[in-house]
Amino acid sequence: MGSLAGKTLFITGASRGIGLAIALRAARDGANIAIAAKSSVPNPKLQGTIHSAAAEIEAAGGKALPIKCDIREEAEVQAAVAATVEAFGGIDILVNNASAIWLAGALDTPMKRFDLMQQVNARGSFLCAQTCLPHLLKAANPHILTLAPPPSLKPKWWAPHTGYTLAKMGMSFVTLGLAGEFGSKGVAVNALWPRTIIATDALNLIPGVPLERCRKPAIMADAAHAVLIRPAAGFAGHFLIDDDVLREAGITDLSPYAMDPTQSLLPDLFLD
């Protein structure tokens, strides 16, 4: 398997969870990582800040640049990308990981929550891509990897939480569009989604999900790594599933990724 040594990754929402796991996997190769996230001070309800993430990345063998950044704000994204380029000389990879979630029906979704999801998920992913692309187009093997599901118009995925599904599918459609526009220019624009629910702090917003029936964020990190080391040319527009990617890479025993290998796994949203 190849390496991300010396590559520069701009990862949104990398202060915890899947974003941090992807950063740490890249750090073990010796990558440079810009941690673009809002969490700059400790929060008793959510573990991790950009500074604690930076310390973990450095300890794992990478170089870290913690950047307080709200991806809803164009000026903050532009400043974060500029700081990354100044620190590391360019950007090779964008990982659109940041996402807002609110799993409720239409009558139980405050417009403040609805707006937050649309602004962070689809708009934020588009803005980060738009801002990083001038630098990605100069990179030797540029990738945009967005954590988004395969596009679906099936009502069963829309009816329970239209606001969230719209926001998440928005990230998928941004992926489709950018892949069509920039795939021919050598940028690998793809999406990655977990087969099963991943044990992260997002589960605090999904009551009743037993952690023992989830997988660890490491499965997404290893799958992302396998995607990001691939040659970018001709590799765009794919909606990849974590365990499929790992099996293709030769990893057939997935039991170490389970929180409890004796338990049956819960499937994630948007997958039949």
Side-chain angles (χ1 to χ4, degrees), residues 12-21 37-39 43-48 70-73 95-129 145-178 190-217 219-220 239-243 258-260 263-272:
T12 65
S15 57
R16 63 178 66 90
I18 293 171
L20 177 57
K38 291 194 301 179
S39 303
N43 182 333
K45 295 181 180 180
L46 293 170
Q47 291 185 345
D70 183 341
I71 64 168
R72 295 174 294 175
E73 301 296 334
V95 178
N96 281 317
N97 164 73
S99 187
I101 184 172
W102 182 259
L103 296 180
L107 298 181
D108 296 311
T109 300
M111 286 311 298
K112 183 178 180 180
R113 287 284 184 176
F114 181 92
D115 291 343
L116 174 68
M117 289 189 290
Q118 313 314 315
Q119 291 165 1
V120 170
N121 297 11
R123 184 182 183 277
S125 296
F126 181 87
L127 172 58
C128 289
L145 185 63
T146 298
L147 272 57
S152 175
L153 297 180
K154 292 182 179 179
K156 71 175 183 178
W157 299 127
W158 291 81
H161 33 68
T162 298
Y164 176 65
T165 303
L166 179 64
K168 208 65 201 179
M169 292 295 168
M171 297 173 77
S172 305
F173 291 126
V174 166
T175 300
L176 273 179
L178 295 179
N190 298 289
L192 179 66
W193 193 245
R195 175 85 60 193
T196 70
I197 296 177
I198 304 297
T200 69
D201 286 335
L203 295 188
N204 295 333
L205 299 173
I206 313 174
V209 176
L211 282 178
E212 64 271 16
R213 296 186 62 192
C214 301
R215 279 176 170 159
K216 303 169 187 175
I219 190 169
M220 286 291 282
F239 289 87
L240 307 160
I241 307 301
D242 57 356
D243 53 12
M259 295 293 288
D260 182 348
Q263 298 291 315
S264 62
L265 295 166
L266 290 170
D268 207 341
L269 293 170
F270 310 123
L271 296 180
D272 293 320

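As the structure is a computational prediction, the values presented were derived from the model and not from experiment. Computed over heavy atoms, backbone and side chain alike; hydrogens, waters and symmetry mates excluded.
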Closest approach of [X] to [Y] (non-hydrogen atoms, all atoms of both residues):
| X | Y | value |
| --- | --- | --- |
| F239 | A191 | CD2-CB, 3.5 Å |
| L103 | Y164 | CD2-CD2, 3.4 Å |
| G13 | A98 | N-CB, 3.9 Å |
| A14 | A37 | N-CB, 4.2 Å |
| I241 | P194 | CG2-C, 4.4 Å |
| M117 | G163 | CE-C, 3.6 Å |

Check the orientation of F270 and H161. Use parallel for under 30°, tilted for 30 to 60°, and perpendicular for over 60°.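 Correct class here is perpendicular.
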Would a distance-only check, ignoring hydrogens and angles, find a side-chain to backbone donor-acceptor pair under 3.5 Å from [X] to [Y]?
| X | Y | value |
| --- | --- | --- |
| S172 | A148 | no |
| T165 | W157 | yes |
| D242 | I219 | no |
| R16 | G48 | yes |

Does the side chain of [Y] come within less than 4.5 Å of [X]'s, by heavy atoms?
| X | Y | result |
| --- | --- | --- |
| M171 | S99 | yes |
| L147 | M220 | yes |
| D268 | I197 | yes |
| I18 | T200 | yes |

Rounded to the nearest 0.5 Å, what separation is found between the [atom1] atom of [X] and the [atom2] atom of [Y]?
| X | Y | atom1 | atom2 | result |
| --- | --- | --- | --- | --- |
| R215 | L265 | CZ | CG | 5.0 Å |
| T146 | F173 | OG1 | CZ | 14.0 Å |
| I101 | L116 | CD1 | CG | 11.5 Å |

Does a donor on one side chain sit under 3.5 Å from an acceptor on the other, for T12 and N96? no
For side chain to side chain contact (heavy atoms under 4.5 Å, CB included), just list the numbers for K168 and L269, CA-CA rounded to whole Å, side-chain angles, deciding distance to a tenth of an Å, and then say yes or no. CA-CA 10 Å; K168 208 65 201 179; L269 293 170; over 6 Å; no
With [X] via side-chain contact (heavy atoms from CB on, under 4.5 Å) - residues at least two apart:
| X | value |
| --- | --- |
| F126 | Q130, V174 |
| D70 | K38, R72, E73, E76 |
| P210 | E212, R213, L266 |

With D115, which residues qualify under side-chain hydrogen bond (donor to acceptor under 3.5 Å, both in side chains), at least two apart? none
Which pairs with one or both residues in residues 97-108 pass salt bridge (Lys or Arg N to Asp or Glu O under 4.0 Å), sequence neighbours excluded? none
Can you list every pair that meets salt bridge (Lys or Arg N to Asp or Glu O under 4.0 Å) and has a residue in residues 150-161, with sequence neighbours left out?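 Those involving residues 150-161 are K154-D272, K156-D272.
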Evaluation steps, side chain to side chain contact (heavy atoms under 4.5 Å, CB included), between L127 and I71: CA-CA 8 Å; L127 172 58; I71 64 168; 5.6 Å; no
